[in-house]
Student: 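First the structure, then my questions, so here it is.
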Amino acid sequence: MSLLDRYGLDEREQVARQHFLGLGAADLPNLRRLRAAFVARADDFADKFYRHLLADEASAQLLRDPVLLERLKKLQADYFAGLLDGIFDAAYFETRLRVGQVHQRVGLPPVLYLGAYNHTSRSRSRCLLKRWAATRPPHCPRYCHS
Ligand code: HEM
């Protein structure tokens with residue numbers, strides 16, 4: 001059984017989640033415009049992300065194995081590059097559910113996941129929005145004033 005079936009994430013629910021996030025068709029070209037900028041800095045972003053996690057006692061406990069850590073840097077970079085492909089189809093949601101399942105299996109509490117997501121979004125968005133502002137088409141609003 002697919003994870004989509006197991007968790008009831010049918011097409012209607014997939015659309016509802018995108019709607020809840022405020023993610024519409026008009027955002028997709030903008031996401032894709034950011035992909036190259038992200039990939040160029042993916043190693044730096046990943047290093048910074050895991051430095052933050054290793055500085056926290058609770059999260060560092062899950063990341064003791066240096067081989068695992070190196071593997072996660074690559075998997076996490078692929079995760080965000082996939083987000084910036086801007087293709088939110090069944091395969092995308094299935095993969096995301098699998099990532100959630102892996103974190104549940106290793107016992108990662110949601111508070112650490114959400115905190116980590118918030119930290120990484122904040123630290124990356126400034127850099128990526130600058131890049132987006134430089135390449136946005138003239139009709140797009142300017143979100144980034146820095
Ligand atoms: C922005 C938040 C996060 C993202 C995007 C992310 C991404 C990923 C991805 C893509 C995988 C691989 C899943 C797979 O094998 O299919 C993974 C696994 C894992 N992540 Fe995360 N992660 C995040 C937060 C965290 C945090 C906060 C911790 C620990 C404090 C953590 C620890 C782990 C561990 C231990 C694994 C399992 C590795 C294994 O045993 O195979 N992750 N993560």
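Computed from a prediction, not measured in an experiment: that's the story for all the values here. Positions are given from 1, in the same order as the sequence printed here. Atoms within a ligand are numbered from 1 in the order they appear, just like the ligands themselves.
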Student: Tyr79 vs Phe38, test: ring-ring contact (aromatic ring centres under 6.0 Å, His included). Steps then yes/no.
Tutor: CA-CA 11 Å; Tyr79 173 102; Phe38 169 78; 9.9 Å; no

Student: Just how far is it from atom CG of Leu34 to atom CZ of Arg124, taken to the nearest 0.5 Å?
Tutor: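 Leu34 atom CG to Arg124 atom CZ measures 12.5 Å (nearest 0.5 Å).
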
Student: Is the shortest side-chain heavy-atom distance between Arg96 and Leu83 below 4.5 Å?
Tutor: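 Yes, close enough: below the 4.5 Å cut-off.
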
Student: In Å, rounded to the nearest 0.5 Å, how long is the span from CD of Glu13 to CD of Gln18?
Tutor: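 Spacing of CD (Glu13) from CD (Gln18) equals 11.0 Å.
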
Student: Can you name the closest pair of heavy atoms from Asp89 and Gln14 and give their distance?
Tutor: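 Closest heavy-atom pair between Asp89 and Gln14: C-OE1, 4.2 Å.
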
Student: Pairs under 3.5 angstrom, nitrogen or oxygen on both sides, ligand 1 versus protein: list them out, please.
Tutor:
| from | atom 1 | to | atom 2 | distance (Å) |
| --- | --- | --- | --- | --- |
| ligand 1 | 16 (O) | Arg98 | NH1 | 2.6 |
| ligand 1 | 20 (N) | His103 | NE2 | 2.9 |
| ligand 1 | 22 (N) | His103 | NE2 | 2.9 |
| ligand 1 | 41 (O) | Arg71 | NH2 | 2.8 |
| ligand 1 | 42 (N) | His103 | NE2 | 3.0 |
| ligand 1 | 43 (N) | His103 | NE2 | 2.8 |

Student: Atom CG in Asp78, atom CG in Leu72: separation rounded to 0.5 Å?
Tutor: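 Asp78 CG to Leu72 CG: 11.5 Å, rounded to 0.5 Å.
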
